[in-house]
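Each chain gets a letter, A, B and so on, in the order the sequences are listed, and its residues count up from 1. In this text, all values refer to a predicted model and were calculated from it rather than measured experimentally.
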Protein chains: 2
Amino acid sequence: MLTISQLAASAGVTVRAVRHYHAKGLLPEPRRDASGYRRYDAAAVVELIRIRTLADAGVPLSRVQELLSADDDAFAAAIGEIDERLRREIRERREARVRVARLAAGDHLALPDDAVAYLRRLRELGVPELAIEMERDAWILVAAQMPEHMSDLMALKRTQIEDPAVVAMYFELVEASAWPLDDPRLPALVDRLVRMFEHEEHATDDGRPTVELTLDDELVALLDEVFLEAVPIARRLLQLLEARGWTGWTDLRRLPPPDR
Amino acid sequence: MLTISQLAASAGVTVRAVRHYHAKGLLPEPRRDASGYRRYDAAAVVELIRIRTLADAGVPLSRVQELLSADDDAFAAAIGEIDERLRREIRERREARVRVARLAAGDHLALPDDAVAYLRRLRELGVPELAIEMERDAWILVAAQMPEHMSDLMALKRTQIEDPAVVAMYFELVEASAWPLDDPRLPALVDRLVRMFEHEEHATDDGRPTVELTLDDELVALLDEVFLEAVPIARRLLQLLEARGWTGWTDLRRLPPPDR
DNA sequence: CTTGACCTTGACGCGAGGTCAACCCCTCAT
DNA sequence: ATGAGGGGTTGACCTCGCGTCAAGGTCAAG
């Protein structure tokens, strides 16, 4: 005959846990000796070990209670489910190991692979780190709001960034982003931009596909907003562009002539 | 700028969880818009994903809070500990899978391997199942109270059980265990027992080692108690043995002569 | 103007015990 | 016989990471 602490020790649990199982009706209350102490037999040892085996496998005690009185078929089915859950938990922990290991470094946390590759390409092209950080934050916001468009967008950006003319403009804009709003060099910059757009327009007329037209309005609005927020000078540039007959930032278009 | 549900979705968590992190000081409260709604930037996305990465790895939120503001060395050390814990949890789940799989069948739950082997040998020798169950329960109690002695005891029992004389006595006792306490066949049985002891005694004098003498008193008391509890007729047998000048059950000895 | 989706704070609930508190019981040494 | 120590007993509150109301305020669309 065992005392409660001996029973508990035989299954490697605490006395408190055994009493908890009694309170929950998982383990039947044994008879008491003359002084009111609980006294256990071998069957209690077996039962307690069964409880712990299931509980250690992550089965909730309420489910353990059902299982202890289940028939063989139901029990076998339950064992199958438990095993499946354990395998899943093992898989999740393996994935967690990978993610935690990547935690120390980089952009991978909040961005998909292709966005990370795009940012890396910007670094290769010599874009200043500050500009890359702004760009990264912008893409994080886009990814948060419209993750389903990210892969198309990144494909587009990676194509654009390989065009030397676009890269040249990019560098001009990066440089300009630090200028004050009333910097005298701004009008000349905008003139160069407009000339470039008009050149592109002609090229497009020659039959080159205009990839941007596939972007939906909501996405364009988001991209515009994000970049206007991120780059202080962007609003001023937009004003100057509109004065020259163009509007939009992501989806650049000629304004309708003002006389209409 | 993101609303709380957009932020939450970007990290795959619930809105409630994000608010919980604010309340715990894990994620700084962002600024509010005109209507009092929270508005988040890209940094919040990154931070939230960091929190979730750690939390998904099983790090308590209080620890996450420390880690987010820890220096690189402390952080790297913590990552090491987290990875170690994850590996341990994977190992535990693998072991749980094995134990759960064994749950459906048998004695292995509450007994060590050698005790299971001993019970299997009893079955091979044709011992009735009822007697084996009693014996199993007795050994479970012994294992619960003195697990450190089990391997020696089982070695001893396995040796004994290979001695045909012992096996013969064993069968007689098994049979007798079902008799009423006043069965007329009992005295003859005890006579046979005593004759066997005396024979053993002579054999021992011849130089055979007496293994039992290495058992300590506490263990002998436990074994006696367990078997006297388990087999109703054992007490009566003990009385009869003592009338013939022997005492003890596990550690059988001649009584001192009554005239002293 | 209403509906329905979103946001706010605050409070309680759960699951598996841990951790007191306050008391009883038994044994052993003084 | 007396106290100390190491069992046992019940009961009540604490923990953690949110889920789930409750009781509203806000916003865009029909």
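Contact check, Tyr21(B) against dC18(D): a side-chain N or O comes under 4.0 Å of OP1 or OP2. For dT10(D), the OP1/OP2 oxygens have a side-chain nitrogen or oxygen of Arg38(A) closer than 4.0 Å. At dA16(C), none of the side-chain N or O atoms of Arg19(A) fall inside 4.0 Å of OP1 or OP2 (strictly under the cut-off). Dashed line: the shortest gap from a side-chain N or O of Ser62(B) to OP1 or OP2 of dC16(D) is not under 4.0 Å.
Contact annotation for Arg39(B): no contact, since no heavy-atom pair falls under 4.0 Å across all strands. Among the heavy atoms of the strands, none lies under 4.0 Å from Arg63(B).
Two residues, Tyr37(A) and Lys24(B), neighbour DNA chain D, and the one matched to the more 5' nucleotide by heavy-atom proximity is Tyr37(A). Along DNA chain D, the nucleotide nearest to Ser35(B) and the one nearest to Arg52(B) differ in position, and the one closer to the 5' end is contacted by Arg52(B).
Note: CE (Met1(B)) to P (dC27(D)) measures 18 Å, nearest angstrom. For the pair Leu27(A) CG and dA16(C) P, the computed distance is 15 Å after rounding to whole Å. Here the P atom of nucleotide dC6(C) and the CG atom of Leu7(B) are 15 Å apart, to the nearest Å. Spacing between atom NE2 of His22(A) and atom C1' of dG17(C) amounts to 15 Å, rounded to whole angstrom units. Counting to the nearest Å, the C1' atom of dG17(D) and the CG atom of Asp56(B) are 12 Å from each other. If you take NE2 of His20(A) and C1' of dT19(C), they are 14 Å apart, rounded to a whole angstrom. A straight line from CG of Asp33(B) to C1' of dA28(D) spans 14 Å, rounded to a whole angstrom.
Under the 3.5 Å distance criterion, the side-chain polar atoms of Asp83(B) are left unmatched by any main-chain donor or acceptor of Leu86(B). A distance-only check finds no donor-acceptor pair linking the side chain of Glu89(A) to the backbone of Arg93(B) [under 3.5 Å].
Between Glu66(B) and Arg63(B) there is a salt bridge, with a side-chain nitrogen of the basic residue lying less than 4.0 Å from a carboxylate oxygen of the acidic one.
Two residues are said to be in side-chain contact when any heavy atoms from C-beta on lie closer than 4.5 Å; Leu153(A) and Trp139(A) meet this criterion.
Comparing dG17(C), dC7(C), dC24(C) against the side chain of Ile4(B) picks out dC7(C) as the nearest. In the set dG18(C), dG7(D), dG19(D), the nucleotide with an atom closest to the side chain of Arg16(B) is dG19(D). For Leu61(B), the side-chain atoms get nearest to dC18(D) when compared with the rest of dC18(D), dT8(C), dG17(C). Nearest to the side chain of Ser5(B), among dC7(C), dA16(C), dC18(D), sits dC7(C). Checking dG17(D), dG8(D), dT9(C) against the side-chain heavy atoms of Val15(A) singles out dG8(D) as nearest.
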For this session: Take Tyr40(A) and Gln6(A) through the side chain to side chain donor-acceptor pair (under 3.5 Å) test and state the conclusion after the steps.
Result: CA-CA 9 Å; Tyr40(A) 298 90; Gln6(A) 288 174 322; over 6 Å; no

